[in-house]
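Each remark here refers to the structure printed beneath this line.
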Amino acid sequence: MTAVIHPDIRPRINSVASDDLNAAERERIHAKSALFAPPEARLADGRRDLVGLSREELATLMTEIGEKPFRAKQLWHWIYHQGATDFSAMTTIAKPMQAKLAEHFVVSRPTTATEQTSVDETRKFLFRFRDGQEAETVYIPDRREDRGAVCISSQVGCTLSCTFCHTGTQKLVRNLGPAEIVGQFMAARDSYGEWPSPSADMPRYLSTIVLMGMGEPLYNYENVAKAMRIIMDGEGIALSRRRITLSTSGVVPMMDRCGDELGINLAISLHAVTNELRDQIVPLNRKYPIEELIAACRRYPAASNSRRITFEYIMLRGVNDSEADARELVRLIRDLPAKVNLIPFNPWPGSDFQPSTRQQLAKFANIVMDAGFASPIRTPRGQDILAACGQLKTESERQRRSATPEA
């Protein structure tokens with residue numbers, strides 16, 4: 001398979017040309033997302049999990065048990081700032097109230113089924129959720145400073161089936177709920193003992209979040225957005241929107257909404273510069289072709305010279321790594337505040353692709369850099385524990401009870 005640079009003359013629906021069509025497409029995505037909804041965050045004994053609830057929802061629950069809404073502020077502090085999971089540890093709450101809370105609620109984490117640390121100190125968690133489903137989360141420490149990124153999953157499995165991605169070989173089982181998404185970060189913090197939340201002038205070891213784990217986050221937007229609002233709340237975990245990056249393969253109708261409502265950083269899993277090739281290796285391109293994707297990037301409100309859009313590009317030998325591909329990539333992003341992450345392909349069992357040679361990687365990177373774009377070649381991390389980019393996949397897959405259409 002080789003990349004060929006030529007105009008794509010096939011007729012395509014321009015979903016960004018019409019606001020009405022874009023809105024209709026968002027409604028279709030939401031409807032399909034509902035088919036993969038997570039289970040209610042409640043234990044078998046009826047107690048409700050407080051993790052993943054908004055401030056307003058917490059206040060409503062307090063009212064329902066006959067307490068004043070201000071209790072929600074107390075709980076928020078203990079859950080998201082202090083990291084407490086036991087009501088008896090919440091020392092500003094009287095003991096009778098602690099017992100009452102324990103009767104009605106829990107503050108939980110996903111169960112850590114396995115935890116592996118790579119020779120390069122990358123740490124991978126396999127988290128098991130209340131219904132037995134599992135997803136992987138990876139912490140990637142910075143090589144130079146005492147900080148790093150938590151790579152969070154948004155779905156159990158994935159619906160996109162990108163041909164170079166190990167995760168894409170695991171069919172979508174369901175979306176993750178806000179408690180399960182926030183819980184991944186909180187459980188990773190438990191592992192490193194980073195509670196209470198560091199103040200703004202203090203260094204954080206778990207300093208950034210990248211929504212680059214299992215799943216397509218924009219196909220689970222409502223749950224992802226709720227989780228990120230909790231994480232960004234200044235009185236809790238208090239992670240800045242500048243420290244959160246959402247990676248999408250190009251769900252164009254939801255990119256606008258994400259930019260308007262969350263304003264977090266954007267990363268695009270591009271991986272090809274022609275519709276012909278991208279249709280093959282990133283099948284989502286058949287719905288939202290490159291022209292529409294780039295147009296949505298131009299509209300993204302959080303993009304600026306200080307907050308550039310990241311274009312992720314897996315380097316596949318003889319497929320998308322030619323000098324012609326590099327020049328076309330430069331043409332595509334020429335008027336965008338952008339940088340390019342060149343990612344050597346990480347082999348996984350059963351894959352037919354090969355990583356680009358070092359020489360070809362260097363040629364490609366130089367063309368992009370000479371055009372004025374930063375183009376670092378990402379050093380693979382956690383390969384020995386299958387924690388590198390594109391390698392995440394849970395071992396114990398559980399299929400959907402009934403066949404449902406892809407999102």
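Values below: every heavy atom of this structure, side chains too, minus hydrogens, waters and symmetry copies.
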Report task. Could you list the residues that satisfy salt bridge (Lys or Arg N to Asp or Glu O under 4.0 Å) with Arg47, not counting sequence neighbours? Result -> Asp45

Query raised in the report: Considering only heavy atoms from C-beta outward, does the side chain of Asn285 approach that of Ile290 to under 4.5 Å?
Result: yes

**Report entry** Contacts of type salt bridge (Lys or Arg N to Asp or Glu O under 4.0 Å), residue Arg147, not counting sequence neighbours
**Finding:** Asp142, Glu145

Query raised in the report: Is there a donor-acceptor contact under 3.5 Å from the side chain of Asn265 to the main chain of Arg242?
Result: yes

Query - Side-chain heavy-atom pair Leu53, Arg48 within 4.5 angstrom cut-off - result: yes

Query raised in the report: Is there a side-chain contact between Val282 and Leu160 (heavy atoms, below 4.5 Å)?
Result: no

Query raised in the report: Is there any ring-ring contact (aromatic ring centres under 6.0 Å, His included) pair reaching into residues 233-263, and which pairs are they, with sequence neighbours excluded?
Result: none

Requested in this report: List in chain and number order the residues that pass salt bridge (Lys or Arg N to Asp or Glu O under 4.0 Å) with Glu235, two or more places apart in sequence or in another chain; answer none if no residue qualifies.
Outcome: Arg55, Lys73

Report task. Considering only NZ, NE, NH1 and NH2 on the basic side and carboxylate oxygens on the acidic side, decide whether Asp256 and Arg299 come within less than 4.0 Å. Result -> yes

Report task. Using a strict cut-off of less than 4.0 Å between a Lys/Arg side-chain nitrogen and an Asp/Glu carboxylate oxygen, indicate whether Arg130 and Glu40 qualify as a salt bridge. Result -> no

Query raised in the report: What about Tyr192 and Tyr139, are their ring centers closer than 6.0 Å?
Result: yes

Query raised in the report: Does a side-chain N-to-carboxylate-O contact under 4.0 Å join Glu115 and Arg123?
Result: yes

Requested in this report: Give a yes-or-no answer on whether the side chains of Trp78 and Thr91 include a donor-acceptor pair shorter than 3.5 Å.
Outcome: no

Query raised in the report: Would you say the side chains of Asn220 and Gln155 form a donor-acceptor pair under 3.5 Å?
Result: no

Query raised in the report: Looking at Phe373 versus Phe311, is the centre-to-centre ring distance below 6.0 Å?
Result: no

Report task. Enumerate the residue pairs fulfilling side chain to side chain donor-acceptor pair (under 3.5 Å) with a member in residues 202-212, sequence neighbours excluded, ordered by first and then second residue. Result -> none

Report task. List in chain and number order the residues that pass salt bridge (Lys or Arg N to Asp or Glu O under 4.0 Å) with Glu57, two or more places apart in sequence or in another chain; answer none if no residue qualifies. Result -> Lys226

Query raised in the report: Heavy atoms, side chains only, cut-off 4.5 Å: are Tyr219 and Cys158 in contact?
Result: no

